Number of protein chains: 2
Amino acid sequence: MNDRERSFWGWGYVDCFPDEAARRALGAQVGTLLGVGALAPRPPPSLEAAALPSPRIAPPAALARFGSAENGDRVTHTYGRSYCDLVRGFRGDFSSAPDWIAIPASEDEIAVILRWCGEERVAAVPYGGGTSVVGGVECTVGDRFRGVVSIDLRRLDRVLEVDALSRAARVQAGARGPSIEAQLAPHGLTMRHYPQSFEFSTLGGWIATRAGGHFATLHTHIDDFVECIRMITPAGVYATRRLPASGAGPSPDRLALGSEGILGIITEAWLRVQARPRFRASASVAFPRFEDGVRAARAVAQSGLHPSNCRLLDRTEGLLNGVGNGDEATLLLAFESADHPLGPWIARAIALCTDAGGACPQGPTLRDEGASGAASAVATYKQSFFQAPYLQSALVSLGVVVDTFETACTWDRFEALHAAVEAQVGEAMKRACGGGVMACRFSHVYPDGPAPYYTFVAPGRQGAEIEQWLEIKRAAGDAVAGAGGTITHHHAVGRMHRPWYDSERPETFALALKAVKQAVDPAGIMNPGVLVDSDT
Amino acid sequence: MNDRERSFWGWGYVDCFPDEAARRALGAQVGTLLGVGALAPRPPPSLEAAALPSPRIAPPAALARFGSAENGDRVTHTYGRSYCDLVRGFRGDFSSAPDWIAIPASEDEIAVILRWCGEERVAAVPYGGGTSVVGGVECTVGDRFRGVVSIDLRRLDRVLEVDALSRAARVQAGARGPSIEAQLAPHGLTMRHYPQSFEFSTLGGWIATRAGGHFATLHTHIDDFVECIRMITPAGVYATRRLPASGAGPSPDRLALGSEGILGIITEAWLRVQARPRFRASASVAFPRFEDGVRAARAVAQSGLHPSNCRLLDRTEGLLNGVGNGDEATLLLAFESADHPLGPWIARAIALCTDAGGACPQGPTLRDEGASGAASAVATYKQSFFQAPYLQSALVSLGVVVDTFETACTWDRFEALHAAVEAQVGEAMKRACGGGVMACRFSHVYPDGPAPYYTFVAPGRQGAEIEQWLEIKRAAGDAVAGAGGTITHHHAVGRMHRPWYDSERPETFALALKAVKQAVDPAGIMNPGVLVDSDT
């Protein structure tokens, strides 16, 4: 475990939050971008001023010893890290704090906690890294419960076994990204799953939310790396067999993947891991028009070359991330391999891009392990990628309405989807904020379609930020859903995306999922309100 | 639709069944292999002599017009094509024939049929190509039904839409392999899904059973090509959104994939299809020991090169398929691409094989579209691959006990699994048949494990073949399950694999699946006895 202090209201480590001078500079910069003049930073909130209700329930002594009812712990387990969470946290509003935080160290302890919850009509909300941006860990569970427990998996943080022959590792669900990498490193192995929340999010959270990771093509979601899963449901253990593949009935793993805590608590998984990459190839390709970049991304996605990175950035996205020199679109390409040099791969990918109107004057950068190599656009982008959530917290302190949303759609629908998003989100920003800026990138690409990812930034009015944000968020969700996209490619559903999720899935699947929940969670205590409504 | 006559008891087209002289030659050859002297072919059965009970139920006139109650149709819908099915068919035993064959031409007709089944307590067994080798289409449904309808999807056989930009096609579930390819060809597209049953099996059957296909690595199952599914359940339409990927809750597609007809009838799917490959590279690598071949297959599977073919054949498998020149192991490698020449890919794969002790004296064969190229070991193998089921039917007429079974396991478990299978199936063949021969190949390989595929051939005693086969089949299932393999990588569960499937899946998943079935099929009419028991 890590001793660095986490922000109780904002993203990540306290020592990474920009200081007042830095936020003042940011306020000047963003104010100019938005045409509203320099924005002044407000002081971040203090933990002492946090407002939260008294606990409604207390666990029996036998349970109390592996948990906490302290206000400090209750505050840090109140929210995920959506825009809405940040604003409420910044305001000191922790009214939906859980009544108790359980921090079990074993499956047996989890089972005991869930039994108590079932008997006492207490809702159980699984908590991994607390980085949900969709209200997935928020304890707003309705009136039919006597209280809510947030179940923090941080004590289950070990890599338990490594099978080097099969390149697989058995990992506990509470392990965070850096910890998993550190424990795999001595074996020459790596997981290479880097969601933007990598530093804080956990394996269990990735599996529960079908997190998107490092690879822009091919193995894009955590789903592809899961060999088997152990999950503690109120009805008992749900443990699948460790297999490279099977055709025996509908996949039990795929039912747990994306279950968002409504069926049980994921405790561990065997994962397919990677040999550490030795060979790397990368390139940055500039396009005179965004649609040329789209064509190039599609050609590469359909080529069978399987780049690890194939991220298209539009002009604004490039500017925000310090790449692209103001080009209308930039495609960041990278290949990596533990096995073979990648010259032919990147050469062909660049040829596809230049065929589509791109320019790659510098050509590819090819590296072998240990070679130093100048910082490429890809590396710059990666750095900026992990900093972005800190930036969002800083912008909240400046009163800016700032968020991201993402989707996926087939290539034939992308043009119309993109136009609808630009128009409808643009109008919503104008209505709610008097204007704003939006950027687009592709986070992942598939042979049959891209996963577009949007960032919007608009000036807020103090006290009205959540209503402003809601208006924009609704426009975004409606635009995406109306154009045939999914409400989420990798941010999950949680409580926030429910309206669009409900209309996206077949009604018959909703019936099926409710039936599954009823079968393994008969008391309906597991993360109520997420994915389905429990009427138990 | 196709007018060539299908065998009512054996595999495929009547005109492909070997004539008496050919079967006599085969009998001499196999008799020698088994050390029992020449085996004499028995005459194939006649349809007139088929024994089947009278229909117990008849549909109302409104339904009767889109179906058949004729004995010829009832006979051809009685069985799949497992060894057990062939033997019973050869004996003229069609005692489990369905009472009526429905041949709907639309989803509306399917819905009407299912409604009638629910109201009249009639079981509904979906029927695609009738090639199940696990009893998946057999109408043995227990006493609680008044009768059984086999629902044949053959009239839903069209490619309805093609989206060339996204490389996707909307295909009806009753379309067979060759028909799908023929309808995609004018668009320059191909599906490239070639299970051994390709000529006869249907898209709906592939999806319902999670069929394994052409590609030995990467996209091995039909699962990977499904963009969305339409299925008619008794509770209504189950239609998923067409998307390249999504992270919105557990995947509704993955619940339909492998559902084996117990939830509803799949009517169509959008599929990811391929551009027709232009570049090909292939090689055949010989190994002095089987375990060297295993090591090479693993190295290639973990290399990130993603060959389309990477099939390891042991000595006996090589002999049976006319490749390998008696080497202890042969690895058939192939790459294909619509986009780029594959020299660097195959060169690296061969280097990995020679590092593992393999020899590839002829080097790779590289081809560009239209180039003729001599028949390679890969092509020879493919030809023999599609002929194998005809051979099995001929062997049944010779009184031979002959079948295949397959599994998947992680690499660390393969050696012990292989040894257990050889020992336990060898002993069972000795007990049941006085001896026999077994061969092994890898049908697919993954970074974390192979999918081993076994063929066994043993002398039968007329009238006792099914009991002999059962003893061997039980030993095979027990050996595979005991060593941590799956009971099926791509042959499905059906009725035959139930005992092992029941112990392989988590009990909590069985609860979940039963609950799903109860939710979408409240009367429990859909393919009863497959995957779960209905107690409704």
Side-chain angles (χ1 to χ4, degrees), chain A residues 163 165-168 210 220-221 227 233 235-236 238-252 254-255 257-259 272 302-304 337 339-340 344 348 408 410-412 446-449 486-490 492-493 501 504-506 508-509 511-512 515-516 518-520 531, chain B residues 163 165-168 210 220-221 227 233 235-236 238-252 254-255 257-259 272 302-304 337 339-340 344 348 408 410-412 446-449 486-490 492-493 501 504-506 508-509 511-512 515-516 518-520 531:
Chain A
D163 169 5
L165 200 71
S166 313
R167 291 203 185 150
R210 301 179 67 193
T220 54
H221 285 93
E227 245 179 20
T233 78
Y238 185 104
T240 63
R241 188 173 290 198
R242 195 188 155 210
L243 293 169
S246 174
S251 164
R254 299 278 182 171
L255 189 60
L257 279 154
S259 58
R272 300 178 184 112
Q302 295 180 339
S303 68
S337 173
D339 181 72
H340 45 266
R348 178 60 193 156
T410 46
W411 289 109
D412 62 322
Y446 300 87
D448 50 339
T486 174
I487 193 58
T488 179
H489 172 269
H490 60 271
V493 175
Y501 172 66
E504 176 175 333
R505 67 178 168 189
T508 39
F509 179 73
L511 285 178
V516 170
Q518 170 71 32
V520 300
L531 293 180
Chain B
D163 169 5
L165 200 72
S166 312
R167 289 201 186 156
R210 301 177 66 192
T220 54
H221 286 93
E227 243 180 22
T233 78
Y238 186 104
T240 65
R241 188 175 291 198
R242 194 187 155 209
L243 293 169
S246 173
S251 164
R254 299 277 183 173
L255 190 59
L257 279 154
S259 59
R272 297 175 187 114
Q302 294 179 340
S303 68
S337 173
D339 181 71
H340 46 266
R348 179 59 193 156
T410 47
W411 289 108
D412 63 321
Y446 300 88
D448 51 339
T486 175
I487 193 58
T488 179
H489 172 269
H490 61 272
V493 175
Y501 172 67
E504 176 174 332
R505 67 177 168 191
T508 38
F509 179 72
L511 286 177
V516 171
Q518 171 69 34
V520 301
L531 293 179

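Everything numeric here is computed off the predicted structure, so don't read it as measured data.
Interface residue B/Arg167: backbone and side-chain heavy atoms are both found under 4.5 Å from chain A. Contacts between B/Pro447 and chain A at a heavy-atom distance below 4.5 Å involve the backbone alone (N, CA, C, O). With a threshold of 4.5 angstrom between heavy atoms, B/Tyr501 approaches chain A through side-chain atoms but not through N, CA, C or O. Interface remark: B/Arg254 contributes backbone and side-chain atoms alike to the contact with chain A (heavy atom separation under 4.5 Å). Only the side chain of B/Asp163 comes within contact range of chain A, with at least one heavy atom under 4.5 Å from a heavy atom of that chain. Heavy-atom distances place both the backbone and the side chain of B/Ala248 under 4.5 Å from chain A. For B/Leu243, the parts lying under 4.5 angstrom from a heavy atom of chain A are both the backbone and the side chain. Heavy atoms of B/His489 lying under 4.5 Å from chain A belong to its backbone as well as its side chain. Interface remark: A/Arg348 contributes side-chain atoms only to the contact with chain B (heavy atom separation under 4.5 Å). Using a 4.5 Å cut-off between heavy atoms, A/Thr233 touches chain B through its side chain atoms alone.
Nearest heavy atom pair, residue B/Ala408 against residue A/Pro244, reads CB-CG, 4.0 Å. Shown here for B/Ala512 and A/Leu255, the closest heavy-atom pair between the two residues is CB-CD2, 4.1 Å. Across all non-hydrogen atoms, the minimal contact from A/Ser303 to B/Ser337 is O-OG, 4.3 Å. Here the closest non-hydrogen pair linking A/Thr486 and B/Ala245 is CG2-O, 3.9 Å. Residues B/Leu165 and A/Gln302 approach most closely at O-NE2, 2.9 Å, considering heavy atoms.
Highest contact tally toward chain A, considering only B/Ser246, B/Pro344, B/Pro506, is held by B/Ser246 [criterion: heavy-atom pairs under 4.5 Å]. For the options B/Asp448, B/Val520, B/Val493, heavy-atom pairs under 4.5 Å to chain A are most numerous at B/Asp448. Between chain B and the residues A/Gly449, A/Ala239, A/Pro252, A/Ala515, the most heavy-atom pairs under 4.5 angstrom are made by A/Pro252. The residue among B/Thr220, B/Asp339, B/Leu511 with the most heavy atom pairs within less than 4.5 Å of chain A is B/Asp339. Across B/Gly304, B/Gly258, B/Ala168, the residue that shares the most heavy-atom pairs under 4.5 angstrom with chain A is B/Gly258.
Looking at B/Thr508, its side chain never comes within 3.5 Å of a backbone N or O of A/Gly236 through a donor-acceptor pair. Judged by distance alone, the side chain of B/Thr488 and the main-chain N or O of A/Gly247 form no donor-acceptor pair under 3.5 Å.
From B/Thr240, atom OG1 reaches atom CD of A/Glu504 across 10.0 Å, with rounding to the nearest 0.5 Å. Annotation: the span from A/Thr410 atom OG1 to B/Arg272 atom CZ amounts to 10.5 Å, rounded to 0.5 Å. The line from NE2 of A/His221 to OG of B/Ser251 is 10.5 Å long, rounded to the nearest 0.5 Å.
Counting heavy atoms from C-beta outward, A/Leu531 and B/Pro250 have side chains that approach closer than 4.5 Å.
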